[in-house]
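Structure, as structure tokens:
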Protein chains: 2
Amino acid sequence: MEEFENQELFKKNNIKNTKHRNLVLDVLKESQFPITTEDIYLKLQERGAHISLSTIYRILDVFANKGMVVKAIISEGSKAMVELQHLEHKHHLICKECNKIVAIEDCPFEEFAKALEKKTDFDITGHKLEIYGYCPACKE
Amino acid sequence: MEEFENQELFKKNNIKNTKHRNLVLDVLKESQFPITTEDIYLKLQERGAHISLSTIYRILDVFANKGMVVKAIISEGSKAMVELQHLEHKHHLICKECNKIVAIEDCPFEEFAKALEKKTDFDITGHKLEIYGYCPACKE
DNA sequence: GTTTATTTGCAAATCATTCGCATTCGCTTT
DNA sequence: AAAGCGAATGCGAATGATTTGCAAATAAAC
């Protein structure tokens, strides 16, 4: 069934259904939050899958081009890492101390976008919102 | 007076007032939008200033640590570049075709943040919002 | 099963950013 | 204004993440 879902998704996006794409997609599905390419690599190694890092980069590129995933960048201060997130529209609240990430359901932006389109005459296709702060445990 | 402003800013932040820091700060002041380290480097070269790229990285690091500038990341698709922006709170509307950047005055987020703090018990210190789309010229 | 285009592994290349060390510079104290 | 000290700078080399070239393996169509 997992397998089946994947297959459909690949078909819908016109890309081949390969063993490695399945593995990567499974990891992405399991992960509630953005993860790095390397995280995926390590997870797959733990499971005994033999897949090279560059393959993962390539797979993520394909997924991103098809809009199956979205590249996100989490940063503040000097850190800056590129990650992936699932398609659902969602934002994150990131603790500056412990890097804990919490997902936020509501998005205050939808209406604002419409007003902005009128004002700027842009065709707005998406947005990215990240919120920073200190989590309950790190507030001290 | 330019000079003078810079000097005050350096003093306020407890960092030395050097020729190179002045040059970099001037470029940052002139630039309405986030620019890359390399952009700064090229601009300074045009003006005949002799300054090494690594020095600019170091200067920007110092500025960022003092909160004089904020590192921003503009991305969509596979691009991802780290840039700098001035302190004022501002968001950007970015054209996916021509990369034109337009600043947005209003921020829909302020009230939302308060509600979110209550809900999550986080201490929220900041956020980053980037909006993507096609500008009037590229809408086609 | 064969064919054909695509995907993958591997190692090497590339890109931005950082670092080490010798030299120079800015600020403070005379 | 000159001397001394710690910080800032240039240069080139090191690092780390991501990309690429090419030959071999694989998936989808026939």
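Letters A, B, ... are given to chains in the order of the sequence lines, protein chains preceding strands, and every chain is numbered from 1.
- Taking F10(B) as the reference, nothing meets the ring pair (Phe, Tyr, Trp, His ring centres under 6.0 Å) condition, with sequence neighbours excluded.
- For Q45(B), the side chain to side chain donor-acceptor pair (under 3.5 Å) partners are Y41(B), not counting sequence neighbours.
- For N22(B) and dC27(C), the CG to C1' distance is 15 Å, given to the nearest whole Å.
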- Message: One pair to check against side chain to side chain donor-acceptor pair (under 3.5 Å): N14(A) and K66(A). What are the steps and the verdict?
- Response: CA-CA 9 Å; N14(A) 267 317; K66(A) 293 297 181 180; over 6 Å; no

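- Under the ring pair (Phe, Tyr, Trp, His ring centres under 6.0 Å) criterion, H20(A) pairs with no residue at all, not counting sequence neighbours.
- Between the CE atom in M68(A) and the CG atom in N13(A) there is a gap of 5.5 Å [rounded to 0.5 Å].
- End-to-end axis angle of the helix from dG1(C)-dC30(D) to dT30(C)-dA1(D), using five pairs per end and rounding to 10°, comes to 40°.
- Residues satisfying the side chain to side chain donor-acceptor pair (under 3.5 Å) criterion with T55(B), sequence neighbours excluded, are S52(B).
- A straight line from CG of N13(A) to P of dT7(C) spans 13 Å, rounded to a whole angstrom.
- Rounded to an integer number of Å, the gap from L23(A) CG to dT26(D) P is 14 Å.
- Atoms CD1 and CD1, from I131(B) and I104(B) in turn, are 3.5 Å apart once rounded to the nearest 0.5 Å.
- When the C1' atom of dA28(D) is taken as reference, atom CZ of F10(A) falls 15 Å away, rounded to whole Å.
- Between N17(A) atom CG and dA5(C) atom C1' the separation is 16 Å, expressed in whole Å.
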- Item | Contact state string [nucleotides 4-17 of chain D, B base, S sugar-phosphate only, - no protein heavy atom under 4.0 Å] | --BSSBBBB----S

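- A straight line from CG of N6(B) to C1' of dG26(C) spans 16 Å, rounded to a whole angstrom.
- Each of L53(B), D61(B), L60(B) was compared with Y57(B) under the side-chain contact (heavy atoms from CB on, under 4.5 Å) criterion, and only L53(B) meets it.
- Y41(A) places its OH atom 17 Å from the P atom of dT19(D), with the value rounded to the nearest Å.
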